[in-house]
Amino acid sequence: MISVRRDRPARARLSALGAYVPDRVVTNADFVARMDTTDEWIFSRTGIRERRYAAEDEATSDLAVRAAQAILDDAGVAAADLDAVIVPTCTPDYLFPSVAALTADRIGARRAAAFDLQAACSGFVYTLAQAASMIESGWADNVLVVGAEKFSNLVNPDDRSTSILFGDGAAGALVTAGDPGSTNGFLGFDLGADGSLGCELLIPVGGTRHPAAKAFEPQDAYLQMNGREVFKFATRAMEETTSRLLDALDMSIGDVDLLVAHQANQRIIDHAVGRLGVDPSKVFNNVEKYGNTSAASIPLALTEARDQGVLAPGMRVLLVGFGAGLTWASTIVSYEP
Ligand code: UT7
């Protein structure tokens, strides 16, 4: 990206959506067949019935490329016109290069800056803030945001408390420069992190603390989670970040037309929705079909809401997430195709 400050100000606009999920469906029955669990336990504790798994030879960037193409098709924008490709992910192909660099190359985004953003399941909303900032400060016109995750290689297949939760997928949005006089766009963001809780959800091996080349227990190369602590944090964080954002905007929950939360667990969402007093008919969920796809989960739900006619242009949508870090993030944005 070569950028020169734009004279004309612009308002960032969420202008297109798109998603890609692998074909392979892994049902609760598939877990029941090989571990001590039941469909009843999984569904009642999580709301998940199935998730998608990528093929062995498919990595995160392969999913990101498919979603990126869907977003560009939806936008009618050429890859050559992208100023930046940002991929929120916590399951990258490699420590480096970034998934974004690999994706930008494969879609032909030759002039785009490309980088990953690591805020785990809060990553999509964090990245929207980054994209909107680049546009509203005058440095970019078209920023592609693609949440992409392949968890099927990074969850311990023998750990019944984590393997059942996660799935693979990619989804995202195009953020473009819009009318500076618009009262729509992104109304605000609340982003945060509490690294003192980082140990509650992590993959211990593979970074500089415990390099992959040194001896380690095989289970330490997989995702590890203190489910109860994360559950407690998640219900609190979702409620607090939303309340803080609404207060800062002098809005009430009734001013929101649609709520799309990080699709980690139906019980967490229901808990937060209940505490916030959101009309359940204004909440869109699809965790039942895809499980937790981390940074892809919010745009995957948004895209499906749009495709089902639930998300309409101009609606004020509250996006709220939480995840490893531990992090949280919320924004209120209107969808303006
Ligand atoms: O993006 C952020 C991702 N993280 C999350 O969203 C996770 C948040 N946490 C959770 O969703 C829940 O903590 C879980 C769904 C992971 C677990 O539910 P829970 O109600 O907190 O269960 P628990 O961990 O307290 O475990 C209760 C029991 C245990 O057995 P004992 O020790 O009481 O005998 C577990 O071993 O349930 C057992 N258990 C299972 N039983 C059948 C754990 N996983 C399973 C399973 N099937 N798949």
Side-chain angles (χ1 to χ4, degrees), residues 26-51 88-91 117-127 147-152 154-171 191-195 197-203 219 222-241 260-273 285-288 290-301 319-330:
V26 176
T27 64
N28 291 349
D30 294 325
F31 286 92
V32 174
R34 61 179 186 79
M35 58 171 59
D36 179 17
T37 189
T38 61
D39 174 51
E40 199 279 329
W41 192 98
I42 299 173
F43 185 70
S44 66
R45 302 283 176 127
T46 70
I48 300 167
R49 289 212 189 271
E50 56 190 46
R51 60 299 280 144
T89 183
C90 57
T91 56
L117 190 150
Q118 223 293 36
C121 309
S122 305
F124 180 68
V125 176
Y126 262 74
T127 309
E149 308 280 7
K150 184 182 183 186
F151 274 101
S152 55
L154 295 175
V155 287
N156 185 339
D158 299 324
D159 178 0
R160 64 178 183 170
S161 67
T162 54
S163 58
I164 52 140
L165 297 173
F166 294 89
D168 303 339
L191 310 177
D194 179 355
L197 299 173
C199 55
E200 307 294 0
L201 176 51
L202 80 169
I203 298 180
Q219 68 268 19
Y222 290 123
L223 178 149
Q224 296 180 359
M225 178 170 67
N226 182 344
R228 278 188 198 179
E229 283 310 310
V230 175
F231 193 100
K232 275 195 280 183
F233 167 84
T235 46
R236 194 180 71 238
M238 297 248 283
E239 184 188 353
E240 287 178 0
T241 183
V260 177
H262 168 43
Q263 302 291 298
N265 179 320
Q266 190 63 49
R267 274 165 66 218
I268 294 175
I269 299 170
D270 290 346
H271 197 277
V273 161
N285 295 309
N286 62 5
V287 67
E288 181 172 344
Y290 304 110
N292 182 346
T293 58
S294 192
S297 91
I298 290 178
L300 184 54
L319 309 179
V320 55
F322 65 91
L326 299 176
T327 53
W328 60 88
S330 60

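Just follow the structure's listing: the first ligand is 1, and inside any ligand the first atom is 1.
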Starting from atom 47 (N) of ligand 1, what is the nearest protein heavy atom, named by residue and atom, and what distance separates them?
Thr37 OG1, 2.6 Å
Hey, what's the ring geometry for Phe233 with Phe322, parallel, tilted or perpendicular (30° and 60° as the breaks)?
perpendicular
Does some non-hydrogen atom of the protein lie less than 4.0 angstrom from atom 34 (O) of ligand 1?
no
Mode of Asn292 contact toward ligand 1 - side chain, backbone, both, neither (heavy atoms, under 4.0 Å):
side chain
Quick one: pull up CD1 in Ile269 and CG in Asn285 and give me the separation to the nearest 0.5 Å.
4.0 Å
Between atom CD1 of Ile42 and atom CG of Leu165, what is the distance when rounded to the nearest 0.5 Å?
8.5 Å
With a 4.0 Å cut-off, strictly under, does atom 37 (O) of ligand 1 pick up any protein heavy atom?
yes
Students should be able to answer this: which protein heavy-atom is nearest to atom 2 (C) of ligand 1, and at what distance?
Phe322 CE1, 3.5 Å
So which bit of Met225 gets within less than 4.0 Å of ligand 1, heavy atoms only: side chain, backbone, both or neither?
side chain
Proximal ligand 1 atoms for His262, defined as those under 4.0 Å from one of its heavy atoms
1 (O)
Working note: Gln266 + Ile48, criterion side chain to side chain contact (heavy atoms under 4.5 Å, CB included); need CA distance, chi angles, decisive distance, verdict.
CA-CA 8 Å; Gln266 190 63 49; Ile48 300 167; over 6 Å; no
Between the side chain of Tyr126 and the main-chain N/O of Gly192, is any donor-acceptor distance below 3.5 Å?
yes
Which protein non-hydrogen atom lies closest to atom 22 (O) of ligand 1, naming both residue and atom, and how far is it?
Arg45 NH1, 3.4 Å
Proximal ligand 1 atoms for Thr46, defined as those under 4.0 Å from one of its heavy atoms:
15 (C)
Which of the ligand 1 atoms, numbered from 1, are nearer than 4.0 Å to a heavy atom of Ala264
6 (O)
Could you walk me through whether Asn292 and His262 pass the side chain to side chain contact (heavy atoms under 4.5 Å, CB included) check?
CA-CA 8 Å; Asn292 182 346; His262 168 43; 3.0 Å; yes
Atom 16 (C) of ligand 1 protein-contacted (non-hydrogen atom, under 4.0 angstrom):
yes
Side-chain (Thr293) to main-chain (Gly169) donor-acceptor, under 3.5 angstrom:
no
Is there a donor-acceptor pair closer than 3.5 Å between any side-chain N or O of Arg51 and the backbone N or O of Val26?
yes
Nearest non-hydrogen contact with atom 18 (O) of ligand 1 belongs to which option: Trp41, Phe31, Phe166, Phe231?
Trp41
Hey, does the side chain of Asn265 reach the backbone of Arg45 with a donor-acceptor pair shorter than 3.5 angstrom?
yes
Just do the side-chain hydrogen bond (donor to acceptor under 3.5 Å, both in side chains) check on Glu149 and Thr89 with the steps written out, would you?
CA-CA 6 Å; Glu149 308 280 7; Thr89 183; 3.2 Å; yes
Among Asp159, Asn265, Leu223, the residue with a heavy atom nearest to atom 11 (O) of ligand 1 is Asn265
Residue part near ligand 1, for Ser161, under 4.0 Å between non-hydrogen atoms:
both
Students should be able to answer this: which protein heavy-atom is nearest to atom 30 (O) of ligand 1, and at what distance?
Arg160 NH2, 4.2 Å
Under 3.5 Å donor-acceptor, Asp168 side chain and Ser152 backbone
yes
Proximity winner for atom 21 (O) of ligand 1, if only heavy atoms of Arg228, Lys232, Gln266 are counted:
Arg228
One finds that the ligand 1 atoms under 4.0 Å from a non-hydrogen atom of Ile268 are 6 (O), 8 (C)
Got a protein heavy atom sitting under 4.0 Å from atom 28 (C) of ligand 1?
no
Return yes if some donor-acceptor pair links the side-chain N/O of Thr91 with the main-chain N/O of Lys150 below 3.5 Å, else return no.
yes
Select the closest option to atom 9 (N) of ligand 1 among Gly227, Ala295, Ser44, judged by heavy-atom distance.
Gly227
